[in-house]
> 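The structure under discussion is supplied below as structure tokens; questions concerning it will follow.
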Number of protein chains: 2
Amino acid sequence: MATLNDVAKLANVSKMTVSRVINHPDKVTDDLKQLVYQAMREVDYHPNVAAKALVNNSTRIIKFCVLEDIDTTEPYYMNLMIGIARSLDAQQYSLQLVTRRNFDIGNCDGYVITGMRKKDFDWIGELKKPLVIFGENRFGFDYVDTNNKAGTFMISNLALQRGYKRLIFIGMDSRESFEYSREAGYLQLLQENQMLAEIHRFDNHSHLSQQFVIDNWDKFEPNTCFICASDRLALGAERGIESCGGLIPKDYGVTGFDGVFLNQVAFPQITTVKQAIVEMGMACGDKLLDKIVNHLDTSGSLMFEPKISVGGTIRDDVK
Amino acid sequence: MATLNDVAKLANVSKMTVSRVINHPDKVTDDLKQLVYQAMREVDYHPNVAAKALVNNSTRIIKFCVLEDIDTTEPYYMNLMIGIARSLDAQQYSLQLVTRRNFDIGNCDGYVITGMRKKDFDWIGELKKPLVIFGENRFGFDYVDTNNKAGTFMISNLALQRGYKRLIFIGMDSRESFEYSREAGYLQLLQENQMLAEIHRFDNHSHLSQQFVIDNWDKFEPNTCFICASDRLALGAERGIESCGGLIPKDYGVTGFDGVFLNQVAFPQITTVKQAIVEMGMACGDKLLDKIVNHLDTSGSLMFEPKISVGGTIRDDVK
DNA sequence: ATCGTGCATGTTACCGATAACATTATTTAA
DNA sequence: TTAAATAATGTTATCGGTAACATGCACGAT
């Protein structure tokens with residue numbers, strides 16, 4: 001591998017000049033800059049990351065920590081990681097996947113954390129390095145997330161337009177921010193249309209929503225749509241309806257939230273709110289590197305607008 | 001962060017001695033070693049990875065490349081990554097997630113590659129750094145994989161013992177090693193029991209196996225079990241049987257292969273061959289680091305024995 | 001007693017980059 | 001016209017480790 005010195009010799013300058021061309025180009029004359037650029041191209045120069053890290057007292061490592069039980073989780077985080085990795089790669093940083101248990105082992109320059117709960121507030125607040133949270137929170141940490149409220153508003157609205165008369169929300173039994181926001185989108189739509197809200201909450205498992213639908217089947221007249229806070233719950237609702245003989249999407253509608261994998265393996269595929277997960281991952285990386293490189297204390301939060309992914313659990317036209 | 005120098009001063013030795021205690025402990029007397037260990041504990045010494053990397057001309061980065069289209073794939077690779085990361089972390093290496101497109105950007109010390117096809121043989125063979133492939137192959141690259149043949153043999157045998165009289169194999173329409181091996185396990189069991197093999201192959205999509213079952217429903221008498229080469233195909237078979245009114249597991253059996261996520265979201269859950277993916281990921285990491293640290297050209301391959309994960313698509317007792 | 005041998009430890013130089021300071025060359029102000 | 005300010009480039013020291021070589025000391029053979 002070519003080094004600064006190789007470039008310097010070829011361009012007949014000192015290596016400091018080469019370094020300046022890279023880091024403070026305004027302090028070098030244009031003539032020399034051209035010479036140096038030319039030389040860099042000739043020897044195919046790539047900076048030595050370890051040497052840089054050594055002088056800057058940095059590691060070029062970003063830790064990505066998933067606080068949920070990742071082993072049994074959806075492919076959600078895989079996509080997020082792909083996004084983060086794509087962003088970091090571009091600036092020669094590398095990603096280290098850690099859990100709560102091995103979080104403190106080894107040094108790093110910053111963190112991306114996801115799956116944060118209230119109880120995590122304390123130790124995360126203690127961290128001294130730059131940080132970006134994936135997932136909205138009200139503790140003041142910079143975050144990246146989908147506009148959850150807009151998502152459920154949008155898809156509830158779609159259900160209404162397609163002629164379903166009764167919208168039932170099946171939410172997650174958790175006190176997390178994103179759950180409140182998803183409910184808020186549903187509530188707003190119902191209020192604007194002067195409809196009565198019906199909210200039921202379960203742990204995020206398909207068999208719970210499935211059982212709920214089965215147990216209460218006699219109360220659900222045709223033209224009912226279940227607005228679910230996750231694809232997992234939607235999958236259960238779908239199965240519940242089918243096992244009770246309900247027709248989807250003719251008499252009953254189901255909508256989900258996430259748009260990662262689960263909506264596709266369902267049959268029929270779930271009409272859902274699709275999050276731009278890879279893009280959000282990239283945003284996490286970009287935001288974090290921005291904070292690190294420019295020594296920012298904070299860089300604000302970022303909301304991504306979701307899109308509707310059309311499946312077969314909402315009818316195509318107004319009934 | 002404490003450095004070698006800090007430790008050296010405290011222990012009243014030169015930093016070279018400290019370095020020796022770490023890297024060549026046999027060249028230092030026991031007395032000094034104890035002194036140094038004590039000092040290291042006192043200042044909580046952790047070696048500076050960047051400095052190490054600089055002198056060794058290494059990067060401490062391992063690239064993990066998934067050659068399949070990862071965006072739409074199963075959570076399979078997430079688990080694999082968790083395993084790899086766990087192994088690398090322990091030795092202060094970090095994982096970089098790359099794709100074929102950005103594979104060459106940035107330096108590294110070695111590779112873990114998965115999803116390799118025949119056409120990839122050439123460029124992978126050109127790589128000059130240590131390498132471990134996840135997934136059996138017959139090109140001579142070191143690999144880690146499940147014992148695929150044993151897996152299908154085992155689960156076919158289970159189906160037979162539970163009284164299913166006809167075993168139909170639904171395989172993947174690909175010429176890859178693992179597919180041959182999975183078929184081989186099925187074939188061996190059938191031969192040992194003097195049964196006739198029936199193999200059908202499709203691209204790995206659930207709707208294809210589903211359609212196959214529906215189209216040929218009249219040919220499948222009760223007491224038939226579908227041995228599928230993936231959970232995805234099993235999911236399709238399960239749906240096909242149910243939509244034709246077949247009873248699972250009473251009259252029809254279905255088995256899968258993988259045991260990651262898909263088998264659990266199916267309803268009823270699929271009885272499948274479960275791979276120890278996290279452990280295999282760790283093995284990939286360990287094997288690769290062994291090659292890097294000890295400058296080995298090759299370190300042989302490793303087969304993990306799979307286990308059966310019991311779901312509801314095979315009956316519990318002999319009919 | 002003397003010398004060579006081997007072992008335990010210390011010294012020096014270097015990996016590839018950058019900050020801080022030193023040295024020029026060039027411009028500006030008095 | 002000349003000193004002082006400014007800009008462009010070079011020199012040196014440094015980050016935290018390690019290899020290679022240098023030194024000093026104890027021991028056994030002669």
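Chain A is the first sequence line, chain B the second, and so forth, proteins listed ahead of strands; every chain is numbered from 1.
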> Scan the side chains in residues 279-293 of chain B for donor-acceptor partners under 3.5 Å anywhere in the protein, sequence neighbours excluded, and list what turns up.
residue  : atom : partner  : partner atom : Å
B/Asp286 : OD1  : B/Ser87  : OG           : 2.8
B/Lys287 : NZ   : B/Ser299 : O            : 2.9
B/Lys287 : NZ   : B/Ser299 : OG           : 3.4
B/Lys287 : NZ   : B/Gly300 : O            : 2.6
B/Asp290 : OD1  : B/Asn294 : ND2          : 2.6
B/Lys291 : NZ   : B/Leu131 : O            : 2.8
B/Lys291 : NZ   : B/Asp142 : OD2          : 2.7

> Would you grab the first and last nucleotide of DNA chain C (5' to 3') that comes under 4.0 Å of any non-hydrogen atom in chain B?
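Contact boundaries, 5' end first: C/dA8 to C/dG16.
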> Of B/Leu32, B/Leu4, B/Thr29, which is the lone residue that meets side-chain contact (heavy atoms from CB on, under 4.5 Å) with B/Thr17?
B/Leu32
> What does the inter-axis angle of the helix from C/dA1-D/dT30 to C/dA30-D/dT1 come out as, five pairs per end, nearest 10 degrees?
60°
> Side chains of A/Leu80 and A/Ile84: closer than 4.5 Å at any heavy-atom pair?
yes
> Salt bridge (charged side-chain N to carboxylate O under 4.0 Å, His left out) with A/Asp30: which residues, sequence neighbours excluded?
A/Lys33
> Does the side-chain contact (heavy atoms from CB on, under 4.5 Å) test come out yes or no for B/Gln275 and B/Tyr76, once each step is laid out?
CA-CA 10 Å; B/Gln275 306 191 57; B/Tyr76 199 94; 3.0 Å; yes
> Listed by chain and number, what are the side chain to side chain contact (heavy atoms under 4.5 Å, CB included) partners of A/His295, not counting sequence neighbours?
none
> Go through the structure and list residues passing salt bridge (charged side-chain N to carboxylate O under 4.0 Å, His left out) with A/Glu136, not counting sequence neighbours.
A/Arg138
> Go through the steps to decide whether A/Val132 and A/Val144 satisfy the test side-chain contact (heavy atoms from CB on, under 4.5 Å), and finish with yes or no.
CA-CA 8 Å; A/Val132 169; A/Val144 172; 4.3 Å; yes
> State, with a plain yes or no, whether a side-chain heavy atom of B/Val260 is found less than 4.5 Å away from one of B/Met78.
no
> Filter on ring-ring contact (aromatic ring centres under 6.0 Å, His included), then keep only pairs touching residues 43-63 of chain B, sequence neighbours left out; what's left?
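Sorted pair list comes back empty.
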> Does the side chain of A/Glu42 pick up a donor-acceptor pair with the side chain of A/Gln38 at under 3.5 Å?
yes
> Within this structure, what is the CG-to-P distance between B/Asn57 and D/dG16, rounded to whole angstrom?
20 Å
> Name all pairs fulfilling the side chain to side chain donor-acceptor pair (under 3.5 Å) condition that reach into residues 47-64 of chain A, sequence neighbours left out, sorted by first residue then second.
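Residue pairs passing side chain to side chain donor-acceptor pair (under 3.5 Å), neighbours aside: A/Thr59-A/Asp109.
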> Could you check which residues of residues 48-56 of chain B get a heavy atom under 4.0 Å from DNA chain D? Sort them by number, please.
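Heavy-atom cutoff 4.0 Å gives B/Asn48, B/Ala51, B/Lys52, B/Leu54, B/Val55.
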> Distances under 3.5 Å between protein N/O atoms and the N/O atoms of nucleotides 23-27 of chain D, please, pair by pair.
none

> B/Gln92 CD to D/dG16 P: how many Å, rounded?
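Rounding to the nearest Å, CD of B/Gln92 and P of D/dG16 are 15 Å apart.
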> Round to the nearest Å and state the distance from A/Leu32 atom CG to D/dG10 atom C1'.
12 Å
> What is the distance, to the nearest angstrom, from the CG atom on A/Leu35 to the P atom on D/dA8?
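So the two atoms are 16 Å apart, to the nearest Å.
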> Rounded to whole Å, how long is the line connecting atom CG of A/Asn12 with atom P of D/dA8?
20 Å
> Hey, are the side chains of A/Val98 and B/Asp89 touching, using non-hydrogen atoms and a 4.5 Å cut-off?
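Heavy-atom side-chain distance check passes, below 4.5 Å.
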> Hey, can you pull the residues of residues 14-24 of chain B with a non-hydrogen atom under 4.0 angstrom from DNA chain C?
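Residues of residues 14-24 of chain B that come under 4.0 Å of DNA chain C are, in numerical order, B/Ser14, B/Met16, B/Thr17, B/Arg20.
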> For a quick check under 3.5 Å, do B/Tyr77 and B/Glu68 share a side-chain donor-acceptor pair by atom type?
yes
> Write out all pairs satisfying ring-ring contact (aromatic ring centres under 6.0 Å, His included) with one or both partners inside residues 100-128 of chain A, taking only residues at least two apart or from two chains.
A/Phe103-A/Tyr111, A/Phe103-A/Trp123, A/Phe121-A/Phe139, A/Phe121-A/Phe141
